[in-house]
Amino acid sequence: MEKVAVIYFLVQGHTRQVAQAVVDGAKSVAGTDVSLLEIVGSDIKEGRWSNESITNTCNAADAIVFGTPTYMGDTSAQVKAFIDACSEIWMKQGWKDKFAAGFTHSGGLSGDKLNTLQSLWTNAMQHSMIWISLGELVEGTGTENVNRLSSFAGAMAQTTYGQNDCNPGDLKTAHKLGARVATVLSRLK
Ligand SMILES: Cc1cc2nc3c(=O)[nH]c(=O)nc-3n(C[C@H](O)[C@H](O)[C@H](O)COP(=O)(O)O)c2cc1C
């Protein structure tokens with residue numbers, strides 16, 4: 001069974017909705033075991049993130065999908081603390097040849113989300129992972145449309161301030177990213 005780990009951080013809940021859609025997409029491909037992992041602030045002590053159970057799950061995964069809200073045009077500090085802590089794995093190239101993908105949610109239509117995905121990509125490249133792009137054309141720019149935000153590096157999602165539910169098109173986009181990651185894994189097998 002192929003293993004996909006989806007790891008993310010959130011405050012208000014939108015990034016969890018996107019992460020869940022990625023999980024559902026990956027699970028839609030038969031033979032895929034999917035773990036949903038959350039980075040929480042209490043796992044960061046004196047600036048250092050640590051959670052052995054999450055680290056072990058990532059180490060056992062064939063693919064890791066990284067998700068974060070966009071804060072100041074980049075990953076949240078909590079996700080960066082996780083990334084920095086994983087430098088111990090980087091030293092041994094423990095994630096070499098695993099697959100990676102990314103998603104982000106933000107308040108602005110752009111909000112500089114591309115920079116966030118590029119930060120996640122750079123981390124994956126440092127680990128010698130293999131990045132899986134979104135693989136979806138733009139269906140349109142309506143909130144129901146797949147890839148309405150025209151992102152190819154990964155899945156982007158956006159909600160306006162005060163909006164509780166993510167837009168359906170963004171969740172469909174995230175679902176497709178999860179399915180693509182799982183499909184790539186199953187094809188290789
Ligand atoms: C400190 C901070 C910085 C933010 N910076 C940005 C930003 O650069 N671009 C943007 O579009 N939204 C920005 N936002 C809005 C967040 O992206 C949005 O609140 C977040 O994605 C909500 O996700 P969550 O419900 O999973 O916590 C920022 C929010 C906070 C709290």
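Counting starts at 1 for both ligands and their atoms, following the listed order.
- At least one heavy atom of T70 lies less than 4.0 angstrom from ligand 1.
- Contact check for M129 versus F66: side-chain heavy atoms found under the 4.5 Å cut-off.
- Residue pairs meeting the side chain to side chain donor-acceptor pair (under 3.5 Å) criterion with at least one member in residues 49-58, sequence neighbours excluded: D43-N51.
- Below 3.5 Å of separation, one finds an N or O of G13 facing an N or O of ligand 1.
- Remark: K98 NZ is packed, more than 12 non-hydrogen atoms of other residues, nucleotides or ligands lying under 6.0 Å away.
- Considering only heavy atoms from C-beta on, R148 comes within 4.5 Å of N167 through its side chain.
- Shown in contact with S106 at under 4.0 Å from a heavy atom are these atoms of ligand 1, numbered in order with element: 10 (C), 11 (O), 12 (N), 17 (O), 21 (O).
- F99 contributes atom CZ, which lies 10.0 Å from atom CD of E2 (distance to the nearest 0.5 angstrom).
- Every atom of ligand 1 with a heavy atom of G73 under 4.0 Å away is listed here by number and element: 7 (C), 8 (O).
- Listed by number with element, the atoms of ligand 1 under 4.0 angstrom from any heavy atom of P69 are 20 (C), 21 (O), 23 (O).
- Of all the atoms in ligand 1, the ones that sit under 4.0 Å from a non-hydrogen atom of M72 are 3 (C), 4 (C), 5 (N), 6 (C), 7 (C), 8 (O).
- In this structure, atom 21 (O) of ligand 1 lies nearest to the protein heavy atom H105 ND1, 2.7 Å.
- The protein heavy-atom contact nearest to atom 31 (C) of ligand 1 is Y71 CE1, 3.8 Å.
- For a threshold of 3.5 Å applied to N or O pairs, the pair formed by Q12 and ligand 1 contains at least one separation below that value.
- Contact annotation: the side chain of V138 never approaches that of N145 to less than 4.5 Å [non-hydrogen atoms, C-beta and beyond].
- Looking from atom 15 (C) of ligand 1 to the surrounding protein, the closest heavy atom is G107 N, 3.9 Å.
- For D74 and S119, the side-chain atoms include at least one donor-acceptor pair closer than 3.5 Å.
- Within the structure, side chain to side chain donor-acceptor pair (under 3.5 Å) pairs that include any residue of residues 59-68 comprise N59-W95 (at least two apart or interchain).
- Looking at atom 9 (N) of ligand 1, its nearest protein heavy atom turns out to be G111 O, 3.1 Å.
- Residue T15 has at least one heavy-atom neighbour below 4.0 Å for each of these atoms of ligand 1: 23 (O), 24 (P), 26 (O).
- Of all protein heavy atoms, the one closest to atom 25 (O) of ligand 1 is H14 ND1, 2.6 Å.
- Near L10, meaning under 4.0 Å from any of its heavy atoms, are these atoms of ligand 1: 26 (O), 27 (O).
- Judged purely by distance below 3.5 Å, without hydrogens or angles, the side chains of H105 and T159 pair a donor atom with an acceptor atom.
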